[in-house]
*Asks:* 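Let me begin by handing over the structure; questions about it come next.
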Amino acid sequence: MSETTPGAAAPSSNFIRQIIEEDVRTGKWRGRIATRFPPEPNGYLHLGHAKSICLNFGLARDYGGECHLRFDDTNPVKEEQEYVDSIIDAVRWLGFDWGDHLHFASDYFERFYGFAEHLIRRGKAYVDSLGAEEIRAYRGTLTEVGRDSPYRARGADESLDLFRRMRAGEFPDGAHVLRARIDMASPNLNLRDPVLYRIRRATHHRTGDAWCIYPMYDYAHCVSDAIERITHSICTLEFEDHRPLYDWVLDELADVLPWHSRQVEFARLNLTYTVLSKRKLIELVGSGAVEGWDDPRLPTLAGVRRRGFTPEAIRMFAERIGVAKADSWIEMGVLEDCLREDLNERAPRRIAVLDPLRLTIDNYPEGAVESCEAPNHPQHPERGTRPLPFSRELWIEREDFAETPPRGFFRLAPDAEVRLRYAYVVRCTGVEKDAAGRITTVHCRYDPDTRSGTPGAASRKVKGNIHWLSTAHAQSSELRLYDRLFRVPEAGAADSREALNPDSKRILTAFTEPALSQALPEERFQFERHGYFIADRSDGAPGRPVFNRAVSLRDSWSGRRG
RNA sequence: UGGGGAGUCGCCAAGCUGGUCCAAGGCACCGGAUUUUGAUUCCGGCAUUCGUAGGUUCGAAUCCUACCUCCCCAGCCA
């Protein structure tokens, strides 16, 4: 069905699993378990959808059922094939497989229509000729009951005739609608004779101009579920008070469509420092606040993929946050931590110097170069090493040197000792500054007996351990450092360009070790002491990759300082 | 103010057919050990309390009552 998620805890109990387990126990569906992920192809998928995808496909996987990918394409004016393609791509990327269950609500249009005639014949639906404004006025309010439309008494024959002519294209958009005949006085607004069909002369991305009437969600969704014999139709909380309508439709159609899926609602995902609504995402992209739907700062699946997230990390995340009915906000740290956990294990280590400072080893022979062996993974020696050229002139990280070290600093400082990772222990002997007083070069002397991998190295313990790159061998690469999109945790509550984090993207030119020039698009690495980076799949060229920082490493030092 | 939902540690979330809960687990946080990433790993700590107030009971987060707070619903969107 789909891949399991390594590193993820066994799925914890939740109310939906309980429902399913109870159903399995009582044989309610005669052993069948079928769920579905039903996106409307009118936008890009984001992490909120990922929660739903993992839930639906995960349930099918765990209970030996099937999960359908079904496009809810009932509104041609908003939907496009481009979105269908991107959604299919995203669900696949996440690691799920729907087998031969790729469906489209539009494939059921003819059956939807037939069932609608059935409702009309049985007096359960009628053609209303009120305008949109009037229908709203007649609907009443939250506290006042609605009034019957003057057309509500229309007979089955007349409605049937009108409905057929609606289909035939005899009327302009908006002239008539098909409505369910339920109860205009219901305290649940969804039951006040909801619209089932509207006239919409628009070209549908799949059915073209075959239809000029299109079904509404409340009618199409439950019928699609029944057609596909879905057992558990899982959706978000805002559909909770649509459930009586969902059940009404299937009850009224029972003799011609004898299947009644159970709708179950769960709380949608909220993530701090970002926004998970199609509308807000469109705003961000449209206003140019970000650089497109796959901008690495966006919570779209295309965005997090480009950012460097793995499908495994996202599945782990979905598992960790659980499923319940309480509105909640998940801290961005939970997502980030899932990525760290996944990549810590898998990503090969590499060296990059982001903010270079020259280090000269005065007692190292000029022109000499030796090769140091750097392990690809500290916990997995079997993954081998790669050579790192060492010489007299090196780049180190500017923040790894302090002229007046703060308390607890154990990197390089005047007269202090530090290990150059995978190479030698050096002692700082002085600095050079420019006219402005900025340090331009740090001088030091190395101890030839402390080379990594030799007996001398083991006998010499130094607390500090910094990374470096030989100036003659380092390449320069473009790095993008991404940070949270908003500076406030519950962004989107207030809508706000000003809540945007101005430093959500920083581009810099860094020095990277030689091996990195071979990085393939989407290859991920840990840049030691910095974080996890991915070679961008769109930008960069062969031999000159561009790297995106997916997430930094945990850093208990910078936190302590400030 | 009508209807539908939800309230358990900073953030999630088990538990909710009452006792084995003086409440799992994860993230965060705080120690401490190991460490050639101040990373990882490891070990320890972290709710006498379950929105509030009453009640039932030998016994309640779990049952009852009232109240409080928050979310959703008046598209010919999904």
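Values below: all heavy atoms of this structure, side chains included; hydrogens, waters and symmetry mates excluded. So you know, we letter chains A, B, ... as the sequences are listed, proteins then strands, and number each from 1.
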*Asks:* Please list, for nucleotides 60-63 of chain B, all pairs of protein and nucleotide N/O atoms separated by less than 3.5 Å.
*Replies:*
none

*Asks:* How is A:E528 classified with respect to the nucleic acid when contacts are heavy atoms under 4.0 Å: base, sugar-phosphate, or nothing?
*Replies:*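 Counting heavy atoms under 4.0 Å across all strands, the contact made by A:E528 includes a base.
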*Asks:* Pick the nucleotide of RNA chain B nearest each of A:N344 and A:N42; which residue has the one closer to the 5' end?
*Replies:*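 Whichever sits nearer the 5' end wins; that is A:N344.
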*Asks:* Would you call A:R549 and A:D483 a salt bridge, using N to O less than 4.0 angstrom?
*Replies:*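 A:D483 and A:R549: not salt-bridged.
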*Asks:* Which part of the nucleic acid does A:V145 contact within heavy-atom distance under 4.0 Å: base, sugar-phosphate only, or nothing?
*Replies:*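 Touches nothing.
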*Asks:* Taking CZ from A:R340 and C1' from B:G38, how many angstroms apart are they, rounded to a whole number?
*Replies:*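 Between C1' of B:G38 and CZ of A:R340: 14 Å.
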*Asks:* Please indicate yes or no: is the ring centre of A:Y217 less than 5.5 Å from the centre of the six-membered base ring of B:A78, with the two planes inclined by under 30 degrees?
*Replies:*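 Not stacked by the 5.5 Å and 30° rule.
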*Asks:* In this structure, is the centre-to-centre distance between the rings of A:Y446 and A:Y424 below 6.0 Å?
*Replies:*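 Judged by ring-centre distance (under 6.0 Å), A:Y424 and A:Y446 do meet the cut-off.
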*Asks:* Are the aromatic rings of A:F239 and A:Y246 close, with centres under 6.0 Å apart?
*Replies:*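 Between A:Y246 and A:F239, which both carry aromatic rings, the centre distance is not below 6.0 Å.
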*Asks:* Taking OP1 and OP2 of B:C77, is either one under 4.0 Å from a side-chain nitrogen or oxygen of A:R200?
*Replies:*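 For A:R200, the contact criterion (side-chain N or O under 4.0 Å from OP1 or OP2 of B:C77) is met.
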*Asks:* In whole Å, what is the span from the CD atom of A:Q526 to the C1' atom of B:G38?
*Replies:*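 About 13 Å, once rounded to whole Å.
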*Asks:* Report yes if at least one side-chain N or O of A:T74 is closer than 4.0 Å to OP1 or OP2 of B:C77; otherwise report no.
*Replies:*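 The answer is no; no side-chain N or O of A:T74 sits under 4.0 Å from OP1 or OP2.
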*Asks:* Check the pair A:R192, A:D183 against side chain to side chain contact (heavy atoms under 4.5 Å, CB included), reporting the backbone distance first and the verdict last.
*Replies:* CA-CA 5 Å; A:R192 318 242 263 228; A:D183 177 10; over 6 Å; no
*Asks:* How is A:K463 classified with respect to the nucleic acid when contacts are heavy atoms under 4.0 Å: base, sugar-phosphate, or nothing?
*Replies:*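 Counting heavy atoms under 4.0 Å across all strands, no contact is made by A:K463.
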*Asks:* Is the shortest side-chain N to carboxylate O distance from A:R421 to A:E528 below 4.0 Å?
*Replies:*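 A salt bridge is present here (some side-chain N lies under 4.0 Å from a carboxylate O).
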*Asks:* Between A:K461 and B:U36, does any side-chain N or O lie under 4.0 Å from OP1 or OP2?
*Replies:*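 For B:U36, OP1 or OP2 has a side-chain N or O of A:K461 closer than 4.0 Å.
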*Asks:* Got a salt bridge between A:D128 and A:R154, using NZ or NE/NH1/NH2 to carboxylate O under 4.0 Å?
*Replies:*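 Here A:D128 does not pair with A:R154 in a salt bridge, since their nearest N and O are not under 4.0 Å apart.
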*Asks:* Between B:U62 and B:G18, how many Å separate the two P atoms, rounded to a whole number?
*Replies:*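 That atom pair is separated by 12 Å.
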*Asks:* Looking only at atom P, what distance separates B:G10 and B:C50, rounded to whole Å?
*Replies:*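 It comes out at 14 Å once rounded to the nearest Å.
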*Asks:* At less than 4.0 Å, is any side-chain N or O atom of A:R198 found next to OP1 or OP2 of B:C77? Yes or no.
*Replies:*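 Looking at the OP1 and OP2 atoms of B:C77, one of them is under 4.0 Å from a side-chain N or O of A:R198.
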*Asks:* When the C1' atoms of B:A39 and B:U8 are compared, how many Å lie between them, rounded to an integer?
*Replies:*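 My reading of the C1' atoms in B:U8 and B:A39 gives 34 Å.
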*Asks:* Classify the nucleic acid contact of A:V334 as base, sugar-phosphate or nothing, counting any heavy atom under 4.0 Å across all strands shown.
*Replies:*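 Sugar-phosphate, no base atom in range.
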*Asks:* Considering only atom P, compute the distance from B:G44 to B:A24 and round it to an integer number of Å.
*Replies:*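 B:G44 and B:A24 have their P atoms separated by 15 Å.
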*Asks:* Select base, sugar-phosphate, or nothing to describe what A:E240 touches, counting heavy atoms under 4.0 Å on all strands.
*Replies:*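 Sugar-phosphate: the residue A:E240, judged by heavy atoms under 4.0 Å, touches backbone atoms but no base.
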*Asks:* Indicate whether OP1 or OP2 belonging to B:G75 is found under 4.0 Å from a side-chain N or O atom of A:R139.
*Replies:*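 Yes, within the criterion.
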*Asks:* Salt bridge between A:R164 and A:E170, side-chain N to carboxylate O under 4.0 Å?
*Replies:*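 Looking at A:R164 and A:E170, the cut-off is not met.
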*Asks:* Tell me the stems RNA chain B sits in, counting at least three consecutive Watson-Crick or G-U wobble pairs, each under 3.5 Å on both distances.
*Replies:*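 Expected stems, ordered by start: B:2-7 with B:68-73, B:10-12 with B:25-27, B:29-33 with B:41-45, B:51-55 with B:63-67.
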*Asks:* Given the P atoms of B:C64 and B:G7, what is the spacing between them in whole Å?
*Replies:*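 That atom pair is separated by 15 Å.
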*Asks:* Decide, for B:G54, between syn and anti: a glycosidic angle within 90° of 0 counts as syn, anything else as anti.
*Replies:*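 Anti, which is what one calls it when the glycosidic angle falls more than 90° from 0.
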*Asks:* Have a look at A:L420 and tell me which of A:V425, A:I361, A:L412 forms a side chain to side chain contact (heavy atoms under 4.5 Å, CB included) with it.
*Replies:*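 Of the listed residues A:V425, A:I361, A:L412, the side chain to side chain contact (heavy atoms under 4.5 Å, CB included) partner of A:L420 is A:I361.
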*Asks:* Can you tell me how far P of B:C70 sits from CH2 of A:W329, to the nearest Å?
*Replies:*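 Answer to the nearest Å: 17 Å.
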*Asks:* How close or far is atom C1' of B:U37 from atom CZ of A:F533, stated in whole angstroms?
*Replies:*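 For the pair A:F533 CZ and B:U37 C1', the rounded distance is 14 Å.
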*Asks:* For A:H380 and A:H377, take the angle between the two ring planes, folded into 0 to 90°, and tell me which bin it lands in: parallel under 30, tilted 30 to 60, perpendicular over 60.
*Replies:*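 Because their plane-to-plane angle is over 60°, the rings of A:H380 and A:H377 count as perpendicular.
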*Asks:* In terms of side-chain heavy atoms of A:W557, which of B:G38, B:C27, B:G5 is nearest?
*Replies:*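 Nearest listed nucleotide: B:G38.
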*Asks:* Touch check for A:H242, heavy atoms < 4.0 angstrom, all strands: base, sugar-phosphate only, or nothing?
*Replies:*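 Base contact.
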*Asks:* Check whether any side-chain N or O of A:S13 sits under 4.0 Å from OP1 or OP2 of B:G15, and answer yes or no.
*Replies:*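 Yes, A:S13 has a side-chain N/O under 4.0 Å of OP1/OP2 on B:G15.
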*Asks:* Answer with base, sugar-phosphate or nothing: what part of the nucleic acid does A:I199 contact at a heavy-atom distance below 4.0 Å?
*Replies:*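 Answer is nothing: A:I199 stays at 4.0 Å or more from every strand.
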*Asks:* Rounding to a whole Å, what distance do you find between A:E319:CD and B:G25:C1'?
*Replies:*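 Rounded to the whole Å, the gap is 13 Å.
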*Asks:* Hey, mind stepping through A:N376 and A:R386 against side chain to side chain contact (heavy atoms under 4.5 Å, CB included) and telling me if it holds?
*Replies:* CA-CA 7 Å; A:N376 289 323; A:R386 80 283 180 188; 3.4 Å; yes
*Asks:* OP1, OP2 of B:G38 versus side-chain N and O of A:R419: anything below 4.0 Å?
*Replies:*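 A:R419 to B:G38 OP1/OP2: no side-chain N or O under 4.0 Å.
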*Asks:* The side chain of A:R320 is closest to which nucleotide in this list: B:C27, B:G38, B:U37?
*Replies:*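 Nearest listed nucleotide: B:C27.
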*Asks:* Is the base of B:G3 touched by the side chain of A:D241 through a donor-acceptor pair closer than 3.5 angstrom?
*Replies:*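 Checked by distance alone, the answer is yes.
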*Asks:* Taking the side chain of A:L142 as its heavy atoms from C-beta onward, which of B:C73, B:C76, B:G38 lies nearest to it?
*Replies:*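 Selected nucleotide: B:C73.
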*Asks:* With a 4.0 Å cut-off on N to O distance, would you call A:D400 and A:R529 a salt bridge?
*Replies:*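 Yes.
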*Asks:* How about A:Y197 and A:Y214: are their ring centroids closer than 6.0 Å?
*Replies:*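 No: the rings miss the under 6.0 Å criterion.
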*Asks:* Which part of the nucleic acid, if any, lies within contact of A:L553, taking any heavy atom under 4.0 Å across all strands shown: a base, the sugar-phosphate backbone alone, or nothing?
*Replies:*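 Base contact.
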*Asks:* In whole angstroms, how far is the P atom of B:C16 from the CG atom of A:N14?
*Replies:*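 One finds 14 Å between P of B:C16 and CG of A:N14, rounded.
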*Asks:* Kindly indicate whether a cation-pi arrangement holds for A:R167 with A:W211, taking the cut-offs as under 6.0 Å to the six-membered ring centre and within 45° of the axis.
*Replies:*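 Output yes; distance and angle both within limits.
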*Asks:* Under 3.5 Å, is there any donor-acceptor pair linking the side chain of A:Q379 to the base of B:U41?
*Replies:*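 Check fails, no donor-acceptor contact within cut-off.
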*Asks:* Do A:E144 and B:G2 share a donor-acceptor pair, side chain to base, under 3.5 Å?
*Replies:*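 Side chain to base: no pair present.
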*Asks:* Rounded to the Å, how far apart are A:D327 CG and B:G51 P?
*Replies:*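 Result: 16 Å.
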*Asks:* Is there a side-chain polar atom (N or O) of A:R192 under 4.0 Å from OP1 or OP2 of B:A74?
*Replies:*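 For B:A74, OP1/OP2 do not have a side-chain N/O of A:R192 under 4.0 Å.
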*Asks:* Is the shortest heavy-atom distance from the side chain of A:H46 to the side chain of A:L281 under 4.5 Å?
*Replies:*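 They are in side-chain contact.
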*Asks:* Determine: side-chain N/O of A:Q18 to OP1/OP2 of B:C16, distance under 4.0 Å, yes or no.
*Replies:*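 Checking A:Q18 against B:C16: no side-chain N or O falls below 4.0 Å of OP1 or OP2.
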*Asks:* Ignoring backbone atoms, test whether A:R529 places a side-chain nitrogen or oxygen under 4.0 Å from the OP1 or OP2 oxygen of B:G38.
*Replies:*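 Answer is yes, contact under 4.0 Å.
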*Asks:* NA contact type, A:L196, heavy-atom cut-off 4.0 Å: base, sugar-phosphate, or nothing?
*Replies:*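 Here A:L196 touches no strand at all.
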*Asks:* Distance check, P atoms only: B:U52 and B:C11, in whole angstrom units.
*Replies:*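 These two P atoms come out 15 Å apart once rounded.
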*Asks:* Using atom CE of A:M316 as one end and atom C1' of B:G26 as the other, report the distance to the nearest whole Å.
*Replies:*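 It works out to 12 Å between those atoms.
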*Asks:* For a quick check of understanding: with a heavy-atom distance under 4.0 Å over all strands, which category does A:G146 fall into, base, sugar-phosphate or nothing?
*Replies:*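 Here A:G146 touches no strand at all.
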*Asks:* If you find the nucleotide of RNA chain B closest to A:H530 and the one closest to A:A267, which residue's nucleotide is nearer the 5' end?
*Replies:*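 Checking each residue's closest nucleotide, the 5'-ward one belongs to A:A267.
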*Asks:* From C-beta outward on A:S328, which listed nucleotide comes closest to its side chain: B:C12, B:G5, B:C77?
*Replies:*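 For A:S328, the side-chain atoms sit closest to B:C12.
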